[in-house]
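What follows is one structure encoded as structure tokens, with my remarks underneath.
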Amino acid sequence: VQGLLLIANTSTFSPTLSGLSSSEIGKKLSATYVLTGSVARDEDGLDVTTEMSDATSGRILWTHRSRAGGAALATIEYDILDRLIPFLIDDLGAEHVDSESRRVSRDPQVHMALLQVHEAYLDAFTALSQNEPDLVAANVELALSLLDEILERDPQNADALIQLHRLNYTGFFAAGTQIERHHSIANEWRREGLVAEALRYDPNNVEALVWMANEYRKGISGWDEAERLFKRAIALDPNNVFARTWYTYWLTVVGRCLEAVEQADIAIALDPETAWRRLAAPRTRSCAGRLDEATLLYKRALGEEPANQFLVREVYLYALMQQDVDVLREWIAFIRDEVWNQAPPEDVAGWLERMEAAQDALMGDPSGSLAIINTVGRDRMSSLDLPRLVADEAFMLAVEAAFTGNTDAAIEFLTDAVNGGSTYIGSALPAGRFEFTEAVREDPAYKALWRGDPGLAELVERRRYAASHGLMTD
């Protein structure tokens, strides 16, 4: 059913909505329908009752009772969907139905295993951000075992192929060096073409469409085709947080930051629980020049995940790009004193030292910061064995080198990043609010970089158009 936007159930448990009736919650969330239900368990299985009501009037429109033995949640889910979707089609109109439905496995065991793979991926991502390689390895090992079982039962399962691609793309195989390679799919994670293979089996697989769009984005070309794929994915499933989030970042790259804010807010409404997804809100607001909002959201994120090194680094770069000693000093004090009560763990303390060195650079002494970039930064790059991770790391080092006074290193890192397909920080790209420093911008090598490839030249024109036509900032 096209165009049906589904707000996450966790949104309805917001403190501002507690104590309200279903119809009042529906009005607060601008919903058309409210779906509620109850679950009863006995020795014979599960009994689930669901009802759909009109969000405005509260009138009950549809009810259904599902019964399944054991803990067959997937069976109940499919039963509810099979009964609910015909009602929605009838109520909304047949024109909202896509006749090209995507291929979905109805095997409950495959369905549950895919959910477990997703949870293992999220746990591995969290462990990676907190520098816990053993936990990363354990979760990736679990995900591989489950994917092995799924593909043995269903070799053409597009969702499993995409999960395999996602594990590779994120760099978990590089991070989890203890992972055993005994699975029948042990070599699959290095194989190219998983996305195309998934789309061959399921042309309407939303995540596969998004990954294909990212291939165009990563290649710094095919901007129109990338957006077409993103929009198709969202049209197929408006509630897909993955599609919304990646489209958000694509919009920041091409300079349409105000649209990116809207997409980020939708993604967060759909999934308010995943911390790393919520970073889209401050990133897009920084891109749009809404620094007060971005700062508040970054502080909130640090309060929720104080040990997240990705987040600490992102906050550091966000403060550094403003080229304001007072801003950097305030962030150092906030992280050390308010977040960690003057006792940060070793990893966070390392980032605070790096921020203090950058503060000295802004005050005229770049020696400490340049030493860190030339040792810690280059060591970090050399430890990575996936091109995408190396490229993103190079982009961040380019920003750091530029704003701490090393123009030559900044251009060197930026060239590596862009050639590797990274346009990591939208606000630092041409025409952005934080487009590096004047010394970098005026360097002939910097200008030549953006003219040297037709795709990059087109990107610059798109960003200049967005800036001049009110699409980038308010």
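Predicted model, so just to flag it, every value in this text is computed and none were measured.
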So, S286 side chain and A294 main chain: donor-acceptor pair closer than 3.5 Å or not? no
On a heavy-atom basis, the closest approach of L320 and A358 is CD1-CB, 3.9 Å
List for me each residue that meets side-chain hydrogen bond (donor to acceptor under 3.5 Å, both in side chains) alongside T295, sequence neighbours excluded, and say none if there are none. Y318
pair P430-Y446: side-chain heavy atoms closer than 4.5 Å: yes
Would a 4.5 Å heavy-atom cut-off, applied to side chains only, mark Y465 and E461 as touching? no
Is any side-chain heavy atom of L302 less than 4.5 Å from a side-chain heavy atom of W331? yes
When you compare the side chain of V206 with that of F242, does any pair of heavy atoms fall below 4.5 Å? no
For L459, which of T423, V418, D453 qualifies under side-chain contact (heavy atoms from CB on, under 4.5 Å)? T423
Side chain to side chain contact (heavy atoms under 4.5 Å, CB included) partners of A410, counting only residues at least two apart: A401, A402, V440
Taking the side chain as C-beta and beyond, is there a heavy-atom pair between R228 and E225 under 4.5 Å? yes
Heavy-atom distance under 4.5 Å between the side chains of E227 and V254, does that happen here? no
What distance do L317 atom CG and L397 atom CG have between them, rounded to the nearest 0.5 Å? 9.0 Å
Assign the ring pair W250 / Y247 to parallel, tilted or perpendicular, where the plane angle (0 to 90°) is split at 30° and 60°. parallel
Is a side-chain N or O of D202 found less than 3.5 angstrom from the main chain of A198, in a donor-acceptor match? no
Between atom OH of Y298 and atom CG of L279, what is the distance when rounded to the nearest 0.5 Å? 6.5 Å
Would you say N157 and L114 make side-chain contact, with heavy atoms under 4.5 Å? yes
Just do the side-chain contact (heavy atoms from CB on, under 4.5 Å) check on V210 and L229 with the steps written out, would you? CA-CA 7 Å; V210 172; L229 289 167; over 6 Å; no
Who are the side-chain hydrogen bond (donor to acceptor under 3.5 Å, both in side chains) partners of E353, not counting sequence neighbours? none
Which atom of A124 lies closest to which atom of V140, heavy atoms considered: CB-CG2, 4.1 Å
Which residues pass the side-chain hydrogen bond (donor to acceptor under 3.5 Å, both in side chains) test with N308, not counting sequence neighbours? E305
OG1/T473 to CZ/R285 distance, rounded to the nearest 0.5 angstrom? 14.5 Å
Would E438 and R441 count as a salt bridge (charged side-chain N to carboxylate O under 4.0 Å, His left out) if you check the C-alpha gap in whole Å, the side-chain angles of each, and the deciding distance to 0.1 Å? CA-CA 5 Å; E438 183 177 359; R441 294 195 304 270; 5.1 Å; no
Please test R232 against L236 for side-chain contact (heavy atoms from CB on, under 4.5 Å), starting from the C-alpha separation and ending with a verdict. CA-CA 6 Å; R232 173 165 169 73; L236 285 167; 4.1 Å; yes
Quick one: ring-ring contact (aromatic ring centres under 6.0 Å, His included) partners of F434, sequence neighbours excluded? none
Donor-acceptor under 3.5 Å (R463 side chain, V253 main chain): yes
Do you know the tightest heavy-atom contact between T248 and A264? OG1-N, 3.3 Å
Which label fits H165 and W211: parallel for a plane angle under 30°, tilted from 30 to 60°, or perpendicular past 60°? perpendicular
Please report the interatomic distance NZ(K299) to CD1(I335), rounded to the nearest 0.5 Å. 10.0 Å
Step-by-step side-chain contact (heavy atoms from CB on, under 4.5 Å) determination, Y121 to L142: CA-CA 9 Å; Y121 169 84; L142 172 60; over 6 Å; no
Report the distance from atom CD of E262 to atom CZ of R244, rounding to the nearest 0.5 Å. 10.5 Å
Looking at every non-hydrogen atom in both residues, tell me the closest pair between L352 and P344 and how far apart they are. CD1-CG, 3.8 Å
Residues in side chain to side chain contact (heavy atoms under 4.5 Å, CB included) with R433, at least two apart? L291
Spacing of NE2 belonging to H469 relative to CZ belonging to R256, to within rounding of 0.5 Å: 13.0 Å
Less than 4.5 Å apart, side chain to side chain, heavy atoms only: is that true for E400 and F413? no
Can you tell me how the ring of F310 sits relative to the ring of F125, calling it parallel under 30°, perpendicular over 60° and tilted otherwise? perpendicular
Between L328 and A319, the two heavy atoms sitting closest are CD1-CB, 3.6 Å
Does a side-chain N-to-carboxylate-O contact under 4.0 Å join E458 and R462? yes
Could you check L135 against D123 for side-chain contact (heavy atoms from CB on, under 4.5 Å), going step by step and ending with a plain yes or no? CA-CA 8 Å; L135 193 54; D123 290 343; over 6 Å; no
Looking at every heavy atom in both I234 and A243, which two are closest together, and how far apart are they? CG1-CB, 4.0 Å
Looking at D326, I'd like to know if its CG atom is crowded, meaning that more than 12 non-hydrogen atoms belonging to other residues, nucleotides or ligands lie closer than 6.0 Å. yes
Are any side-chain N or O atoms of E435 and backbone N or O atoms of A431, one a donor and one an acceptor, separated by less than 3.5 Å? yes
